[in-house]
Each structure stands twice: as C-alpha cells, then as structure tokens.
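A short write-up of the structure that comes next.
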Amino acid sequence: MADPRDPRPLIGEPLSLDLLNTRWNGGTVQDLLTRQDGYRIWLSSAGLAERCPADDAGLAATTAARDALADLVRAAEEQRTPDPGALNDVLAHGRLRRTLTAAGPVETVEVDSPGWLAAWLAADDYLSLLRQGAHRIKRCAHENCILHFFDTSQNGRRRWCSMAVCGNRAKAARHYEKTAR
Ligand SMILES: [Zn+2]
C-alpha cells in the first residue's frame with residue numbers, strides 16, 4: 001500500500017524500478033530522495049519502513065544503489081555493454097542466508113549494517129527482473145518522461161508509465177498535430 005504522502009506519478013513497480021522512479025519529470029526533474037523525509041516516504045511506500053532506518057547512512061546507500069541501477073538501465077537502453085561494478089558493490093553489502101528450521105526452509109537477508117538493506121533489496125530485485133526478462137524493463141515511451149516499468153503485459157506491448165498520464169498526453173499531441181495542419 002503506497003504511502004498517501006508519496007508524490008510520485010508512478011508507484012507499485014518492482015522495487016528496483018520503484019527506486020528509479022523516485023526521480024520523475026514534473027516539468028523539471030523531481031527527486032524524492034534529496035532529503036531524509038522523502039526517503040522515509042519512499043521506504044513507507046515500498047513496505048520497508050519497519051525494516052530500514054530512514055537515516056543519512058540509509059539514504060546514501062539507497063542513492064548509491066539508484067545511481068548504479070540508473071547506469072545499468074541507461075546502458076541497456078543505449079545498447080551499450082553495461083558495467084556491473086557499482087551494482088556489485090551494493091550487492092557485496094548483503095547476502096541471502098538459507099536455513100532449515102523446524103517450521104521449514106527460511107531465507108534471511110543479512111546486511112553489513114541496517115542502512116544497506118533497502119539498497120541491497122533493490123539491487124537484488126534488479127537481478128530477479130533480469131532473470132524474468134531484461135527486455136521487459138522499459139522506459140516510458142513519452143519523450144519527456146523518465147519513468148521505468150516492468151512490462152508484464154501478455155503481448156509485451158506496454159509503452160507508457162500510465163495510459164492516463166503519458167498515453168493520453170501523446171494521443172493529444174498527435175491529435176493537435178493533425179488538426180493544426
Ligand atoms: Zn510516462
């Protein structure tokens with residue numbers, strides 16, 4: 001459930017893309033993670049508020065993860081060979097521990113310090129998206145939009161962050177072009 005204070009136009013994408021979507025174009029580029037209170041809102045929307053401290057260390061780690069993800073996604077969009085170094089640096093701060101308990105198998109994420117948890121989970125989520133299909137990671141087709149989404153549509157033809165916002169903006173622009181001629 002998204003935090004009602006969350007000002008972002010697109011929420012609810014998988015965690016790695018949801019982190020990327022803390023930057024959006026609202027005329028100028030907006031950034032939810034410039035301050036601790038914005039970070040707190042993001043953690044709350046992502047369902048991580050109980051597990052991750054909204055402090056400076058956490059914000060720095062999470063911003064580092066976002067930078068790493070942004071570079072990788074941009075490389076893919078520009079069909080360049082990605083440099084996974086920065087993401088691996090984030091992933092090096094945590095690991096998945098598997099144990100068997102009396103109640104059954106349990107997976108626990110262990111991180112060097114609590115501040116790395118959100119960053120590590122977002123980085124790990126990106127690996128999971130790559131396994132599901134890197135081609136489904138898309139940037140909204142509207143030229144002014146910098147939002148990303150994971151295309152889970154059956155035909156793989158989702159083009160917009162949201163039809164209501166960017167889809168209709170594009171349609172209106174086409175209509176305007178046609179009638180202005
Ligand atoms: Zn869009």
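Whatever order the structure lists them in is the order used to number ligands and atoms, beginning at 1. Index from 1, following the sequence.
Exactly one of His135, Arg136, Lys138 qualifies for a side-chain hydrogen bond (donor to acceptor under 3.5 Å, both in side chains) with Asp151. That residue is Lys138. Exactly one residue among Leu10, Leu19, Val73 makes a side chain to side chain contact (heavy atoms under 4.5 Å, CB included) with His148. That residue is Val73. Checking Leu72, Leu15, Leu20 one by one against Tyr126, the side chain to side chain contact (heavy atoms under 4.5 Å, CB included) holds for a single residue, Leu72.
When atom types are taken as modelled, the side chain of Arg139 and the backbone of Cys145 share a donor-acceptor pair closer than 3.5 angstrom.
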message = Apply salt bridge (Lys or Arg N to Asp or Glu O under 4.0 Å) to residues Arg95 and Asp112 and explain how you reach the verdict.
response = CA-CA 9 Å; Arg95 61 214 64 84; Asp112 298 345; 3.0 Å; yes
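Taking a cut-off of 2.8 Å, the protein N, O or S atoms nearer than that to the Zn ion (ligand 1) are Cys140 SG, Cys145 SG, Cys161 SG, Cys166 SG.
Interatomic distance, CG of Leu147 versus SG of Cys166, reported as 7.0 Å (0.5 Å rounding).
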